[in-house]
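Since the model is a prediction, treat every value here as computed from it, not as a measurement. Positions are given from 1, in the same order as the sequence printed here.
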Amino acid sequence: MADFLGIVAIVFFYVLILVVGIWAGRKSKSTKELESEVGAQTEEVMLAGRNIGTLVGIFTMTATWVGGAYINGTAEALYNGGVLGCQAPVGYAISLVMGGLLFAKKMREEGYITMLDPFQHKYGQRIGGLMYLPALLGETFWTAAILSALGATLSVILGIDMNASVTLSACIAVFYTFTGGYYAVAYTDVVQLFCIFVGLWVCVPAAMVHDGAKDISRNAGDWIGEIGGFKETSLWIDCMLLLVFGGIPWQVYFQRVLSSKTASGAQTLSFVAGVGCILMAIPPALIGAIARNTDWRMTDYSPWNNGTKVESIPPDKRNMVVPLVFQYLTPRWVAFIGLGAVSAAVMSSADSSVLSAASMFAHNIWKLTIRPHASEKEVIIVMRVAIICVGIMATIMALTIQSIYGLWYLCADLVYVILFPQLLCVVYMPRSNTYGSLAGYAVGLVLRLIGGEPLVSLPAFFHYPMYTDGTQYFPFRTTAMLSSMATIYFVSIQSEKLFKSGRLSPEWDVMGCVVNIPIDHVPLPSDVSFAVSSETLNIKTPNGTPAPAPHPNLQPSDENTLLHPYSDQHYYSTSS
């Protein structure tokens, strides 16, 4: 039976978020104010006009990472295996710091709109489309996974239908994202992070004083946990590296970096948000510790709804540690506050992922690949349609696919194995080219897929060393990532040597990236935003010939110089 008081509380919370989202969306400048600036309308909707201050940026970055899965996963990991088994908070915190060190300042100084821009700038539009596939799958499956977690939480605490709760949550997040763009997402994140912090900390002391909860300090030594032997340590290291470096190449991260007012501010929000992720992991970790030290026979909890009680939570129910603590160890009013915290966590991540996937499609696929001459108004319309489509896809997946978390884990692996080495090379390796990129993409994809994924019933076609009982203990994900990176380097260097030495005829340069560069490849001026309409890129001299490339030693005068090539061989193509 549904808990109507709880439903009223959740509806109030949703109305609050919706009002904040609509209010924030009105901060966007009008179309008339932006008409005089090329690319300004796109930046206004996708990046809030690059006008997000450091404080708001820190809040929105932290809120996006601290999602429903982050909270539930941290509590479950502490319940099962102690601190060493809880890798996500530390891994994501280090990931944000590494992202700030490696990419935040560089990407912000270049004035990109999305993380796929450097690929299309250097390798051509179609390569950017290829990189979009793992990025889209990762964002969509991640959204579906956290919506599924929210539906399960609401059904446990309020007794309402999971389909209705998931659909309502998705509709609200999509609505304010659709109307307000990144402004709405950023400012609702501030409110949501406040709700998460207050809601979780209110629940912790309330759960501690329950009669069935024991002193969590009585077995404090057990909370460290253990990793195991050499095989387990290898797997642990592989997963930690996946979290650290695989957590960087996501558009939800770069959307916040690129929306920052300054490049130094982009770095700062990355570093501080890393600390914020650690701090926000403390309450769910304590909830996991409380659950582990609770005699559940002293509560009303019956895992099979037949009156049978158990001392500890059954293994197949431990992914619901947080809602179970809310439901059975706290008063009803406290449980509602905690439920608001989980709902806020889910919506703060869902809206960001939906906007990220839609922005990449509208800018990198529609604008730069399908319709290079599309107006800014058209691009924004396409982005809003994409927001609805991604929201619908994620909602359907959340309601129909049982192994949604398994699909997200596989996509997260592909982001680590494919996108991270690609991003590192396109930013830091001036001689990388399209051939190296394609070869590295193929190598990383194959090496990862042949390792299998039990969560989605994908069999292991190749048994790496230490393969035991269906588990790949060998760090094959990191091996695939390093192999992909090495392939990009080797193939890029060798292809350049073969073409420039004359061993391969220019006609074989089918990608047009070494010697057979098409005449319609136009060098980018150093003061043009990547949001600029392609009509302005067809720069001609008075006699009708293409404009000369800028001097290779020309450097940007300041961080507001929006897009300048890494070298005089970097081109933007309108037809490749």
Side-chain angles (χ1 to χ4, degrees), residues 69-70 73-98 102 219-249 274 277-278 281 285 288-289 292 312 315-316 318-319 321 403 405-421 424 440 443-487 489:
Y70 185 93
T74 299
E76 180 186 358
L78 259 293
Y79 188 98
N80 286 328
V83 174
L84 290 176
C86 186
Q87 293 179 281
V90 176
Y92 283 140
I94 299 175
S95 176
L96 288 169
V97 173
M98 294 302 296
L102 294 174
N219 58 348
D222 294 341
W223 296 119
I224 300 299
E226 60 180 15
I227 298 175
F230 178 76
K231 292 194 302 183
E232 290 78 12
T233 302
S234 298
L235 179 60
W236 189 91
I237 293 173
D238 195 27
C239 292
M240 181 58 79
L241 291 174
L242 164 65
L243 290 170
V244 172
F245 296 108
I248 296 174
C277 281
I278 291 291
R292 185 171 176 175
S312 57
D316 62 334
R318 291 176 184 174
N319 61 329
V321 166
S403 58
Y405 272 103
L407 289 172
W408 177 75
Y409 286 141
L410 180 58
C411 291
D413 280 7
L414 294 179
V415 168
Y416 172 52
V417 168
I418 295 175
L419 287 185
F420 175 70
L424 195 66
V443 168
L445 179 64
V446 170
L447 291 180
R448 174 59 190 91
L449 291 181
I450 63 174
E453 180 52 66
L455 289 172
V456 292
S457 301
L458 179 65
F461 298 99
F462 179 77
H463 294 179
Y464 288 90
M466 299 186 290
Y467 179 86
T468 307
D469 298 329
T471 301
Q472 300 274 17
Y473 287 100
F474 184 77
F476 75 102
R477 298 173 184 85
T478 301
T479 300
M481 184 274 290
L482 294 175
S483 299
S484 176
M485 188 183 302
T487 301
Y489 176 81

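Between Thr74 and Pro89, the shortest heavy-atom contact is OG1-CG, 3.6 Å. Annotation for Leu84 and Glu226: closest pair CD1-CA, 4.0 Å, computed over non-hydrogen atoms. For Gly246 against Val415, the heavy-atom pair with the smallest separation is O-CG1, 3.7 Å. Across all non-hydrogen atoms, the minimal contact from Ala93 to Gly274 is CB-O, 3.2 Å. Contact record, Thr233 with Gly228: OG1-O, 3.8 Å, taken as the closest heavy-atom pair.
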Side-chain donor-acceptor distances from residues 448-456 under 3.5 Å, at least two apart:
| from | atom 1 | to | atom 2 | distance (Å) |
| --- | --- | --- | --- | --- |
| Arg448 | NE | Asp413 | OD2 | 2.8 |
| Arg448 | NH1 | Gly452 | O | 2.9 |
| Arg448 | NH2 | Asp413 | OD2 | 2.6 |
| Arg448 | NH2 | Glu453 | OE1 | 2.9 |
| Glu453 | OE2 | Leu455 | N | 3.3 |

Name the atoms and distances for all side-chain donor-acceptor pairs under 3.5 Å in residues 457-471, with sequence neighbours left out.
| from | atom 1 | to | atom 2 | distance (Å) |
| --- | --- | --- | --- | --- |
| Tyr464 | OH | Leu447 | O | 2.8 |
| Thr468 | OG1 | Lys231 | NZ | 3.2 |
| Thr468 | OG1 | Met466 | O | 3.2 |

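The CG atom of Leu235 lies 6.5 Å from the CZ atom of Arg477; values are rounded to the nearest 0.5 Å. If you take CG on Leu482 and OG1 on Thr487, they are separated by 10.5 Å, rounding to the nearest 0.5 Å. Here the straight-line distance linking atom OG of Ser484 with atom CG of Leu419 works out to 9.5 Å at 0.5 Å rounding. Atom CD1 in Ile418 sits 13.5 Å away from atom CE in Met485 (nearest 0.5 Å). A distance of 9.0 Å separates CH2 of Trp236 from CG of Leu241, quoted to the nearest 0.5 Å.
Side-chain atoms of Ser95 never come within 3.5 Å of backbone atoms of Gly91 as a donor-acceptor pair (strictly under, hydrogens ignored).
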Output, in order, the C-alpha distance, side-chain angles, deciding distance and verdict of side chain to side chain contact (heavy atoms under 4.5 Å, CB included) for Met98 and Ile248. CA-CA 8 Å; Met98 294 302 296; Ile248 296 174; 4.0 Å; yes

Hey, mind stepping through Ile278 and Val90 against side chain to side chain contact (heavy atoms under 4.5 Å, CB included) and telling me if it holds? CA-CA 7 Å; Ile278 291 291; Val90 176; 4.2 Å; yes

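In this view, Asn319 and Glu76 satisfy the side-chain contact (heavy atoms from CB on, under 4.5 Å) rule, not counting sequence neighbours. Every residue two or more places apart in sequence or in another chain that forms a side chain to side chain donor-acceptor pair (under 3.5 Å) with Thr478 is listed here: Asp238, Tyr416. Phe245 meets the ring pair (Phe, Tyr, Trp, His ring centres under 6.0 Å) test with Phe420; sequence neighbours excluded. For Glu232, the side-chain contact (heavy atoms from CB on, under 4.5 Å) partners are Ile227, Tyr473, not counting sequence neighbours.
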